[in-house]
Amino acid sequence: MSEKLDKNRTILLRKRHVGPSCKIFFSHDPLKIVKAKGQYMYDEKGQRYLDCINNVAHVGHCHPDVVKAGAEQQLRVRWWARARRRNQREPADSLKPPLGKKATFLALCYLSGLSYSEANDLALRLARHFTGHRDVITLDNAYHGHVSSLIDISPYKHHQLPDAERNPYVHVAPSPDVYRGKYRADHPDAATAYADEVRDIIDRAHERGGKIAAFIAESLQSCGGQVVPPVGYFQQVAAHVRRAGGVVIADEVQVGFGRVGSHFWAFQLQGDDFVPDIVTMGKPMGNGHPLSCVVATPEVAEAFASCGMEYFNTFGGNPVSCAIGLAVLDVMEKEDLQGNAARVGRHLTRLLAEQKQKHPLIGDVSVLLKGRGLFVGVELVKDRVTLAPATAEAQEVINRLKEEKILLSADGPHRNVLKFKPPLCFTAQDADLAVEKIDLVLTGASPAPFAQSLSDTS
Ligand code: PMP
């Protein structure tokens, strides 16, 4: 199919009609993607790009089973929210077993509609109803969504607006980043040290008359720089927060649904003895179709119901989204995509670790510090001792990789962490190709920006 608009015209129309704060990737030379399949995307000239960043297209772009499920449901009934439908119940039921043995009591689902911000906003409401408290503890560099209640708890965005007025009910705990955070891998007990920071925040809030409703965190921080919290951290945080009458919310919007390989939910990496009170989920759930969900303990869900206010949202649990959600779970099982995430993730991390031996710009890719399964971060640093972030270099790397038809992005508070979070159908050959191109780019046909940073480390 030929495109109606050429790329320049598309860019012009976008500039004219789309608000300037809506940024796009590669703004100096944007891509016009017209087709996508599996782990590949195609531009208007038919050039193929390997997609290493799209954790929304979880089981692969335009997966035929998922597309078919949505199309067939569209032809039957598109919308009717006030009656319970068969397929609304099923996604909720299908989600319970993967929540893990001890998590079966996380029993009640709200299919919360279109955006993942809706899910997190609802989670805050649930927490506040249940506890009768107002204060929220969030992590530094966290991002939980774009609505007002969530911008308040998203320090990732505050860095862009340092003078913004802070909400007095929000408290920011240090990110449990054992690579460049306050307590590092050489600390004898970083998990306790980071959890004690949360305990101290609770104490200070109490001194000022505050009461903790919730601690919210991604099970692995994504925008915050692919941070893997030390094992034992969430258990200790949960104990402090629950003692203060609050609940723990795990945001699995990016990292859930088997991406970490060894487990279905990233919070399970902490061990069987940690279960959150509320879990929010989204991106992978609909494979690009809007579908999000909040799962809570019956106590939390019942407290919300007993307040007397009905919960309704127009698209929440609509039949098409539910049909698609079920198809995603079926494809994951049929194609063993969680297993693939584990296997290919291991291969990718091994290849990247080899690159670390070769390129001083790579600070860390260690499986313990920067990733799990197909969620892998590569820290670029100017100096492995000072960890000075190689921000400009990271940008240059992703721009040059784009020329090599590899799509990767850089994130974290310093925008120096290359992020791998591809569709889970990503293969070992895809990993070989991506890493071969990273090697090529870092070795540098025109090494100007890298020469400086490499010599900085010597
Ligand atoms: N939580 C996390 C961890 C996210 O990464 C995002 C979006 N990137 C959201 C919540 C909010 O999702 P949405 O943009 O759909 O509102």
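When a ligand or atom number is given, it counts from 1 through the structure's own listing order.
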Query raised in the report: Does a salt bridge link R242 with D277, judged by any charged N lying under 4.0 Å from a carboxylate O?
Result: yes

Query raised in the report: Do the charged groups of D43 and K7 touch, with an N to O distance under 4.0 Å?
Result: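 Result for this pair is no, no salt bridge flagged.
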
Query raised in the report: According to the interplanar angle, ranging from 0 to 90°, do the rings of Y183 and H187 count as parallel (below 30°), tilted (30 to 60°) or perpendicular (above 60°)?
Result: perpendicular

Query raised in the report: Parallel, tilted or perpendicular: which fits the ring planes of F234 and F274, with parallel below 30° and perpendicular above 60°?
Result: parallel

What protein heavy atom lies closest to [atom]? Include the residue and the distance to one decimal.
| atom | answer |
| --- | --- |
| atom 16 (O) of ligand 1 | S117 OG, 2.4 Å |
| atom 10 (C) of ligand 1 | H144 O, 3.2 Å |
| atom 14 (O) of ligand 1 | H146 CD2, 4.1 Å |
| atom 5 (O) of ligand 1 | Q254 NE2, 2.8 Å |
| atom 4 (C) of ligand 1 | V253 CG1, 3.9 Å |
| atom 12 (O) of ligand 1 | Y116 CB, 3.2 Å |
| atom 6 (C) of ligand 1 | Y143 CE2, 3.8 Å |
| atom 7 (C) of ligand 1 | K283 NZ, 3.3 Å |

Query raised in the report: Does any N/O atom on E218 come nearer than 3.5 Å to any N/O atom on ligand 1?
Result: no

Only heavy atoms of [X], strictly under 4.0 Å: list the atoms of ligand 1 that pass.
| X | answer |
| --- | --- |
| S115 | 15 (O), 16 (O) |
| G145 | 11 (C) |
| N120 | 1 (N), 10 (C) |

Query raised in the report: Of N55, V147, D251, which has the heavy atom at the shortest distance from atom 2 (C) of ligand 1?
Result: D251

Query raised in the report: If you draw the axis of the six-membered ring of Y40, does the NZ or CZ of R48 fall within 45° of it and under 6.0 Å from the ring centre?
Result: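 Yes, R48 lies over the aromatic ring of Y40.
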
Report task. Examine K157 relative to Y143 and say whether NZ or CZ is less than 6.0 Å from the centre of the six-membered ring and inside a 45° cone about the ring axis. Result ->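 Verdict for Y143: a cation-pi partner in K157.
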
Query raised in the report: Is there a donor-acceptor contact under 3.5 Å from the side chain of S117 to the main chain of H146?
Result: yes

Requested in this report: Ignoring hydrogens and angles, tell me if any N or O in the side chain of T138 forms a donor-acceptor pair with the backbone of I153 under 3.5 Å.
Outcome: yes

**Report entry** Polar side chain donor-acceptor pair, S292 to E118, under 3.5 angstrom
**Finding:**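 Result is no, nothing qualifies.
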
Requested in this report: Take every heavy atom of E118, measure it against each atom of ligand 1, and state whether any distance is under 4.0 Å.
Outcome: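 Flag not set, E118 not near ligand 1.
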
